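The structure under discussion appears below in the form of structure tokens.
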There are 2 protein chains.
Amino acid sequence: MDDRVAKGAAAKANAGETRRVRDAETTRGEIIAAARAEFAAKGFSGARVDDIAARTRTTKPAIYYHFHSKEELYTAVLETAYAGMREVEQNLNLDGLPAAEAMRRLVEVSFDYHADHPDWVRLVSIENTHEARHLAGSASIGERNAAVIGVLRGLLERGVREEVFRSGIDPMDLHLMISSLCFHRVSNRHTWGAIFGRDLQAPEHVGAQRVMIVEAVLRYLRA
Amino acid sequence: MDDRVAKGAAAKANAGETRRVRDAETTRGEIIAAARAEFAAKGFSGARVDDIAARTRTTKPAIYYHFHSKEELYTAVLETAYAGMREVEQNLNLDGLPAAEAMRRLVEVSFDYHADHPDWVRLVSIENTHEARHLAGSASIGERNAAVIGVLRGLLERGVREEVFRSGIDPMDLHLMISSLCFHRVSNRHTWGAIFGRDLQAPEHVGAQRVMIVEAVLRYLRA
DNA sequence: GTCTATAAATGGATAGAC
DNA sequence: GTCTATCCATTTATAGAC
């Protein structure tokens with residue numbers, strides 16, 4: 001993934017490391033990673049392009065060269081972030097399992113993804129405080145991400161055929177329920193900690209909540 | 001609520017309205033209301049003190065006179081916002097009802113409060129992206145807000161005695177579950193709209209989700 | 001494609017009159 | 001307590017050399 005770092009770097013390998021000529025794709029990737037951390041940490045307005053530059057081995061003009069504006073950079077960050085989530089959803093293989101088992105698996109994977117990617121959760125929260133302005137402008141993020149709904153619809157139908165789920169459940173409402181339960185405990189853990197004095201990331205609570213959420217979803221669907 | 005607007009205003013009622021001498025409490029209240037709208041709309045860094053001033057009938061120096069800094073003003077906004085939520089929770093009167101009915105009522109009130117106060121939801125989201133830094137510094141917001149947990153604990157015990165709820169449910173986990181379901185559909189409605197093309201605020205969906213959430217909680221507790 | 005240096009604008013905060 | 005006017009640090013963005 002990082003194996004073509006310097007195409008023409010040998011040309012000036014001495015000279016006190018004054019100028020590093022590198023691959024455009026690599027530079028873009030490095031900038032996006034740095035920007036992702038910065039935006040997740042401080043929000044769009046709070047993030048400083050100077051600080052993003054400081055997190056990379058390039059400089060501010062390089063950022064503007066590649067991304068034109070702070071806003072375009074932010075949009076690029078959002079796109080790659082959603083791509084990561086999408087990949088996980090597409091790699092779910094639930095075909096062999098009974099419907100209830102498959103549903104449990106899906107909820108667990110969703111739970112774990114949120115728990116393991118607080119950065120992604122923050123970015124989505126931040127984008128919501130901006131009313132999803134940048135997501136709306138971005139090219140058809142919708143279609144590609146809505147695939148989960150199809151998966152859920154299939155599972156619900158299978159569950160009804162197997163007589164383990166009741167009928168009449170809307171797959172989008174169900175997805176909202178699962179997302180809510182997985183997202184909120186990560187997104188709001190700080191105010192939660194301040195008010196209730198409980199660290200939602202402490203291993204014992206993570207385990208308990210994972211069980212609770214799976215149980216809640218399955219009980220909701222049970223015929 | 002606004003009936004003591006001008007203590008000494010009569011003293012200069014002419015003169016082309018150049019200076020309005022007003023009650024300090026009133027001015028503070030007006031500034032906080034304006035700041036709340038501004039912070040909720042643009043976040044802490046995105047909010048402009050100039051724009052807050054523009055939303056009031058006072059000016060920027062008045063804001064600094066009363067609140068010393070943008071950050072202290074933001075903290076004051078947070079405190080009044082949480083006070084509103086606290087009031088609703090304390091005015092729940094669930095004493096006469098059977099446990100399951102009382103629980104249904106509590107969930108419905110929570111749902112409605114979130115749905116009717118998207119501003120409050122935004123402020124809490126924003127404060128989370130700041131890792132609850134300001135809430136942590138604020139005077140004992142914790143103790144006063146944790147009262148819901150006691151209410152839930154009482155309801156759970158009553159439900160077990162009435163043999164309608166199973167035992168072993170942690171009241172804090174339950175509160176997290178209810179909050180998640182009520183909060184997320186408001187906080188994340190924008191990315192949801194962008195990705196899935198569904199307006200979570202449309203009346204038909206609001207109703208369906210209200211039913212779903214109550215049902216999910218009661219099914220989770222059912223003995 | 002990448003750097004140093006700097007322009008241009010914004011925005012938090014205050015001086016000082018009333 | 002409230003206003004007009006302004007200071008000054010910060011920050012987005014770019015010019016121009018290599």
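In this text the structure is predicted, and so the values were computed from the model without any measurement. Order of the sequence lines fixes the chain letters, A, B, ..., with proteins taken first and strands second; residue numbering starts at 1 for each chain.
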Under 4.0 angstrom between Thr59(A) side-chain N/O and dT2(C) OP1 or OP2
no
Side chains of Phe183(A) and Trp120(A) in contact at under 4.5 Å (non-hydrogen atoms)
yes
Is it true that Asp173(B) and Arg198(A) make a salt bridge, defined as a side-chain N closer than 4.0 Å to a carboxylate O?
yes
Report the nucleotide, chosen from dG1(C), dG1(D), dC3(D), that has the shortest atom-to-atom distance to any side-chain atom of Thr58(B).
dC3(D)
When you compare the side chain of Ser179(B) with that of Trp192(A), does any pair of heavy atoms fall below 4.5 Å?
yes
Identify whether the distance between the nearest side-chain nitrogen and carboxylate oxygen of Asp199(A) and Arg189(A) falls below 4.0 Å.
no
Can you check the Arg57(A) CZ to dG1(C) P distance for me, whole Å?
16 Å
Taking atom C1' of dG11(C) as reference, at what distance in whole Å does atom CG of Leu73(B) sit?
15 Å
Is there a donor-acceptor contact under 3.5 Å linking the side chains of Glu89(B) and Tyr113(B)?
no
Among dT4(D), dC3(C), dG1(D), which nucleotide has an atom closest to any side-chain atom of Tyr65(B)?
dG1(D)
Atom NE2 of His66(A) to atom P of dG1(C): distance rounded to whole Å?
6 Å
In whole Å, I'd like the distance from the CZ atom of Phe39(B) to the P atom of dG11(C).
14 Å
Less than 4.0 angstrom from a charged side-chain N to a carboxylate O is my criterion; do Glu38(B) and Arg48(B) meet it?
no
Euclidean distance, atom CD of residue Glu30(B) to atom C1' of dG1(D) [Å, nearest integer]:
14 Å
How long is the line joining OH of Tyr74(B) and P of dG11(C), in whole Å?
19 Å
In B/S/- notation (B base, S sugar-phosphate only, - none; protein heavy atoms under 4.0 Å), nucleotides 8-15 of chain D written 5' to 3' is ---SBBB-
